[in-house]
Amino acid sequence: MHHDRISGPWQRYGNHFVLEEAPDHALPPDMTDPQAAMRIIAEDLVLDGIPERNLATFVTTWMEPEAQRIIAENLHRNFIDHAEYPQTAEIEQRCIRMLASLFNAPGETTGARTQGSSEAIMLGALSMKWKWRERREAAGADTSKPNIVFGGDVHVVWEKFCRYFDVEPRIVPLQPHKFTIGPEDVEPHVDENTIGVAAVLGTTFTGHADDIVGINDLLIALKHKNGLDVPLHVDAASGGFVWPFLYPHSEWDFRLEQVRSINVSGHKFGMVYPGIGWLVFREKSDLAEDLVFYENYLGKTDATFTLNFSTGSAMVLAQYYNFIRLGHEGYKLAIGAMESNARFLAERLEQVGPFEIVGAGEEQLPLVAFRLADGQDLGYDEFDIAWQVAAERGWMLPAYTMPPKAEHVKMLRALVKLNLTRPLVATLADDIAAACETLAKKGGASQAERQQVKTGVGY
Ligand SMILES: *Cc1c(COP(=O)(O)O)cnc(C)c1O
């Protein structure tokens with residue numbers, strides 16, 4: 001077969017995989033011409049969902065052609081080679097300074113480019129662990145039982161951090177009607193072994209924020225009462241690019257005294273393609289010095305604070321492109337448009353179905369979290385709707401259950417990003433209504449159908 005490829009008609013046609021299986025176990029013994037290799041990948045991917053119809057993801061699915069060009073032209077630039085690419089390193093620092101200023105850092109600060117919020121959170125939480133140990137060692141106290149406090153509304157990365165880096169998670173369960181946490185939830189869990197508290201600005205479940213002001217006040221009160229100086233880390237993966245533009249007067253960032261570090265995903269509402277996150281400290285001293293590695297490389301000293309090493313520069317440059325291109329005005333315009341379309345979708349959904357919009361009127365990410373109103377027995381549920389609307393129109397609308405103590409609550413959630421324009425929002429609402437009508441007639445999706453629902457909670 002392989003010899004036929006070289007000279008046969010399918011070779012001349014441009015794709016011998018028309019009649020061959022895809023290589024999937026071992027490296028193929030022979031070379032394949034570039035066109036056929038490209039085509040088989042493109043053909044495989046038609047089975048994936050269409051990213052623009054992915055209502056589950058927070059991550060950017062569209063960038064301007066100019067940004068795409070910057071990305072395409074810089075794929076060969078290894079970000080870690082600071083000595084060879086000093087301007088790329090400088091651009092990273094510019095981005096960090098811009099974010100520190102956006103988050104109201106009081107003075108000079110430090111931070112890092114990361115692969116996403118997950119790496120940023122690992123690094124930020126590690127710094128809290130190291131700082132806690134320094135404080136305990138200075139006091140001659142035990143350092144064997146670190147814990148960290150957060151709510152059941154956090155992203156899975158926080159539990160991952162605890163397992164990977166051996167810290168006891170103290171997870172505040174949610175309540176059937178309360179999907180974020182506040183100071184009263186946190187207080188019973190904080191003690192002298194608490195390395196820090198994590199609060200979320202814009203949860204993945206409903207897009208709302210924990211009571212960060214309240215938690216900050218609690219930690220300040222504890223500091224004055226018994227001298228425990230517990231830092232607050234804000235997980236602003238999604239909210240960090242939303243709150244400054246939609247709710248500029250709402251305090252959640254370095255304006256609050258105990259907020260010592262913040263992470264944000266550049267690839268979510270920073271509007272860059274996947275592969276970029278940021279960690280910003282309040283002050284230089286909030287980064288544990290021990291975690292910074294100094295290397296002498298080609299005669300220059302380079303400081304690194306990352307879990308990875310070699311990685312692309314393209315998304316850092318794309319982030320800087322967005323910062324320049326959009327500025328404060330552009331981000332406000334874009335995020336404002338998403339918010340306005342999200343409110344429009346919420347209104348339409350209330351008109352077309354027996355839906356309850358979750359936390360409407362509260363500060364929230366540009367999304368609609370909704371569920372079938374309580375007390376309705378319709379013969380179908382949220383998971384059926386997700387299946388039906390995917391079957392009828394290809395929308396990937398996630399259905400999921402909430403975390404512990406609220407796990408009987410089923411939820412649907414649609415992210416409203418910039419590519420979901422007003423006409424598409426109107427169509428989406430009609431499509432959800434149509435799916436409900438189908439379900440009302442046929443009485444729910446079958447078990448087999450429900451198992452085909454592709455989307456989980458979605459990130
Ligand atoms: C998406 C998300 C994360 C993880 O971020 P990545 O950038 O995907 O690594 C963490 N926390 C929250 C609240 C998120 O929404």
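One-based numbering, in listed order, for ligands and for the atoms of each. For clarity, every value in this text was computed on a predicted model and none was experimentally measured.
Figure legend: cation-pi geometry between Arg113 and Phe79, with NZ or CZ positioned under 6.0 Å from the six-membered ring centre and within 45° of its axis. A cation-pi arrangement is found for Arg422 relative to Phe344, the charged atom lying closer than 6.0 Å to the ring centre and inside a 45° cone about the ring normal.
The closest approach between Lys268 and ligand 1 falls below 4.0 Å for a heavy atom of the residue. At least one heavy atom of Ser238 sits less than 4.0 Å from an atom of ligand 1.
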For residues 275-284, which side-chain N or O atoms pair as donor and acceptor with protein atoms under 3.5 Å away, sequence neighbours left out?
from   : atom 1 : to     : atom 2 : distance (Å)
Trp278 : NE1    : Gln319 : OE1    : 3.0
Arg282 : NH1    : Phe254 : O      : 3.1
Arg282 : NH1    : Leu256 : O      : 3.0
Arg282 : NH1    : Val259 : O      : 2.9
Arg282 : NH2    : Phe254 : O      : 3.1
Lys284 : NZ     : Glu108 : OE2    : 2.9

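Atoms of ligand 1 found under 4.0 Å from any heavy atom of His267, numbered from 1 in the order shown, are 6 (P), 7 (O), 8 (O). Within ligand 1, counting atoms from 1 as listed, the ones closer than 4.0 Å to a heavy atom of Ser265 are 5 (O), 6 (P), 7 (O).
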**Report entry** ring pair (Phe, Tyr, Trp, His ring centres under 6.0 Å) evaluation trace for Phe205 with Phe179
**Finding:** CA-CA 8 Å; Phe205 302 100; Phe179 308 136; 9.0 Å; no
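Aromatic rings from Phe245 and His328 are positioned such that their centres are separated by under 6.0 Å. Taking the six-membered ring for Trp, His249 and Trp243 have ring centres at least 6.0 Å apart.
By the criterion of a heavy-atom distance under 4.0 Å, the side chain of Ala237, and not its backbone, is placed next to ligand 1. Both the backbone and the side chain of Ser118 come within contact range of ligand 1, each with a heavy atom under 4.0 Å. Within the 4.0 Å heavy-atom criterion, neither part of Glu119 lies near ligand 1.
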